[in-house]
Protein chains: 2
Amino acid sequence: MNKRVTMKDIAERLGVSKVTVSKALKDSPDISQALKEKVIKTAQEMGYIYNAKGRMLRENLTYSIGVISSEKYYGKDDYFYIDLYKHLSNSFEKLGFTTTFNIISRNDEESLSVPNALLEQKIDGVVILGQMSIDYIKRVLDFNCPTIFLDFYCDRFNVDCVITDNFFATYEITNMLIEQGHREIGFVGNIHATSSIQDRFLGYYKALLENRIELNKDWIIKDRDDNNNFIDILLPGKLPTAFVCNCDKTAYLTIEKLKSAGYKVPDDISVVGFDDSLHAVLSSPKITTVRVNMEEMGRRTAKIMFEKIKQGEKHYGKVLIKGKIIVRESAKPLK
Amino acid sequence: MNKRVTMKDIAERLGVSKVTVSKALKDSPDISQALKEKVIKTAQEMGYIYNAKGRMLRENLTYSIGVISSEKYYGKDDYFYIDLYKHLSNSFEKLGFTTTFNIISRNDEESLSVPNALLEQKIDGVVILGQMSIDYIKRVLDFNCPTIFLDFYCDRFNVDCVITDNFFATYEITNMLIEQGHREIGFVGNIHATSSIQDRFLGYYKALLENRIELNKDWIIKDRDDNNNFIDILLPGKLPTAFVCNCDKTAYLTIEKLKSAGYKVPDDISVVGFDDSLHAVLSSPKITTVRVNMEEMGRRTAKIMFEKIKQGEKHYGKVLIKGKIIVRESAKPLK
DNA sequence: CTGAAAGCGCTTACAG
DNA sequence: CTGAAAGCGCTTACAG
């Protein structure tokens, strides 16, 4: 590969200084229109390609962002974080940034082994996509590189995060059921398993409170043990008229359970889920659920990172992104 | 964020030159052991983090590789390329490289819009992961950046590629069936749809030829139209005793078709697939198939790229990676 | 074994 | 509107 053309080469060819070339190429008001056009034309003719390495050193910015994510989120039927990555990366591209993507193996997460990009200051910021071990997060934060948690939060660290508004979404979807005439509404999910299940439960509970509906403990049903392993769902003796499930997989399993007990969904009982995952559409009937607004999550994360890098470490705290209710067949008004 | 410590700071603290610091930190034989240890200790104390930006400019290398892949490979039940990316990225990390990952939207592929990393010489090489449009590939190659095609090839361009040995794998799996006593063996797949189906067909055909088994045209069955849209599989009047399918999804659909026609797999007829995808294990019976060696594909791609960058543009041509037969229940010896 | 000099390709602040 | 100077953090080639 022969040597690349630089601004200096263009400058020499045109008999101007490289400062002028630099300004012309970035469309600075300093330069006359005529000269700008000449510079751009010559650059094209000479096959010039801008070399960011000069700027990187000068500004001590690479305009690259590291996205770090645990291998455990990329199993056989997990596509959620790939979708989110896609949106995130697109948003950064629009702001002129490149994203490096590291899927951290179990081994590396265990041994606190961190990507080269972080070790060598090749990135201006880090997005941790999905919860990782506390120790690993600590290790990343030690590099003092602007960091955002995406799709999770962690009260132990005072780090900005962008997450779905779990609370508000179940509040809304429960309200929808109430407006449809339901007053006997259960919740399926172990509220001690994860913080996001807890938030989803609390949104459901708030909707009940606002409508002065008593919480019935028999209708709060576990879908998993405290270690997040799914367990058999036990239906209560007397059923409510609707179930709010903490996720689509649980909604799917609940529907299967109800069907095998001889109930019809949604004719006998309505069921709603959360996530709009594959389970929601594979289920029969298809599941009314909450779709996470990934595009907005990506956009906001990129925007906040951009501001942190450009304007110094402002603090944004928890940024909540609203989900959207997707109406399908698994829930219907109480007749 | 306060200013970062540089080699100069360490040098001043120790009263040596920054050349010495640089050499000590990269463990050069030029420096005495005692001094090395002192430098490393001081660097740690001062919170020094190596800054690759200096080296990037100096060497005109970023030690970053761009991975470019079309959005169409990241649909709801596609995880294949994520797995491959993971291995690829790991292999590059081991060589000291960072990988940027761009999933190109349909729009961007159409409008030939290319990632920032390529526009600004932020990467030393490009891996195109999975076939993209000819025009898009052309646009990428125009940047004159060392490029490797991963998991596809394209005779129009004289570009190195790393691919699964489709031909050899179906040759082997067909031979396995023949050794099990099968002599009436069909092939399911449209041999005009893609080049890899063609290669898989030819491997199957070679196994027949070697064993002097006549090719029966009635047993070459289409699974899709020429535009890659799946179509209903039409079973022939007289069935062979085994089917070699061009992929697991097709094997899955073939098995479903056979079952609904009243046949038992593998008792009445054996079926084998290719890819070891989700379909292979979701199917009942589970499918005997060929597993692509992703780890090796990633490793070889990284190694070849490394050599191209370090030793100049050697030519490697088509690098074939052997797959591995995974034996499951969908095929059995002819009694 | 140690270090002074030069330079990678840009941009910014300043002078004209 | 144009340009000379300085410098970002490293590394290499060379001198001692």
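Throughout, a chain's letter reflects where its sequence line sits, starting with A, and its residues are numbered from 1.
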| query | Is the B:Phe152 ring parallel, tilted or perpendicular to the B:Phe149 ring (thresholds 30°, 60°)? | reply | parallel
| Spacing of A:Met56 atom CE relative to C:dC10 atom C1', expressed in whole Å | 11 Å
| field | Euclidean distance, atom NZ of residue A:Lys23 to atom P of D:dT2 [Å, nearest integer] | value | 9 Å
| B:Glu59, nearest nucleotide to its side chain (from C:dC10, D:dT12, D:dG9) | D:dT12
| query | Are the charged groups of A:Glu12 and A:Lys18 less than 4.0 angstrom apart, N to O? | reply | no
| said: When you measure from the side-chain N and O atoms of A:Tyr48 to the phosphate of C:dC10, is any distance below 4.0 Å, counting only OP1 and OP2? | reply: yes
| Among B:Ile123, B:Thr62, B:Ile309, which one satisfies side chain to side chain contact (heavy atoms under 4.5 Å, CB included) with B:Phe97? | B:Ile309
| With under 30° as parallel and over 60° as perpendicular, where do the rings of A:Tyr74 and A:Tyr81 fit, or are they tilted in between? | tilted
| said: From NZ of B:Lys8 over to P of D:dG9, roughly how many Å is that when rounded to an integer? | reply: 8 Å
| request: Map A:Lys18 and A:Leu35 onto DNA chain D by nearest heavy atom, then report which one ends up closer to the 5' terminus. | output: A:Leu35
| Check ion pair A:Glu37-A:Lys41 (N to O, under 4.0 angstrom) | no
| Between C1' of C:dG7 and CZ of B:Arg55, the distance in whole Å | 17 Å
| request: Could you check which of D:dC10, D:dA4, C:dG9 has an atom nearest any side-chain atom of A:Ser17? | output: D:dA4
| task | Give the rounded distance in Å between these two atoms: CD of B:Glu12 and P of D:dG9. | result | 12 Å
| task | Write down the partner of C:dA4 under the Watson-Crick or G-U wobble criteria, each distance required to be under 3.5 Å. | result | none
| Is the distance from OP1 or OP2 of D:dT2 to the nearest side-chain N or O of A:Thr20 less than 4.0 Å? | no
| Value in whole Å for how far the P atom of C:dT12 lies from CG of A:Leu25 | 14 Å
| Choosing from D:dG3, C:dT2, C:dG9, which nucleotide comes nearest the side chain of A:Val19? | D:dG3
| Nearest-angstrom distance from the residue atom CG of A:Asp30 to C1' of C:dC14 | 12 Å
| said: I want to confirm an ordering. Mapping B:Gly15 and A:Val5 to their closest nucleotides on DNA chain C, which one lands closer to the 5' end? | reply: B:Gly15
| message | Which nucleotide wins on minimum distance to the side chain of B:Tyr50, given the candidates D:dC8, C:dC10, D:dT11? | response | D:dT11
| task | Output yes when at least one side-chain N/O atom of A:Ser32 is less than 4.0 Å from OP1 or OP2 of D:dC1, else no. | result | no
| request: Kindly say if B:Tyr63 contacts the phosphate of D:dC10, meaning a side-chain N or O under 4.0 Å from OP1 or OP2. | output: no
| query | Side-chain N or O of B:Ser22 less than 4.0 angstrom from OP1 or OP2 on D:dT11? | reply | yes
| message | Need to verify one output field. Residue with the more 5' nearest nucleotide on DNA chain C, B:Ile31 or A:Lys26? | response | B:Ile31
| salt_bridge(A:Lys322, A:Asp165) N-O dist < 4.0 Å | no
| Among the nucleotides C:dA4, C:dC10, C:dC8, which one has an atom lying closest to any side-chain atom of A:Met7? | C:dC10
| Nearest listed nucleotide, side chain of A:Val16, among D:dG3, C:dA6, C:dC10 | D:dG3
| said: Using whole Å, what does the distance between atom C1' of nucleotide D:dG7 and atom CG of B:Asn51 come to? | reply: 14 Å
| field | Nucleotide paired to D:dA13 in any strand shown, Watson-Crick or G-U, under 3.5 Å | value | none
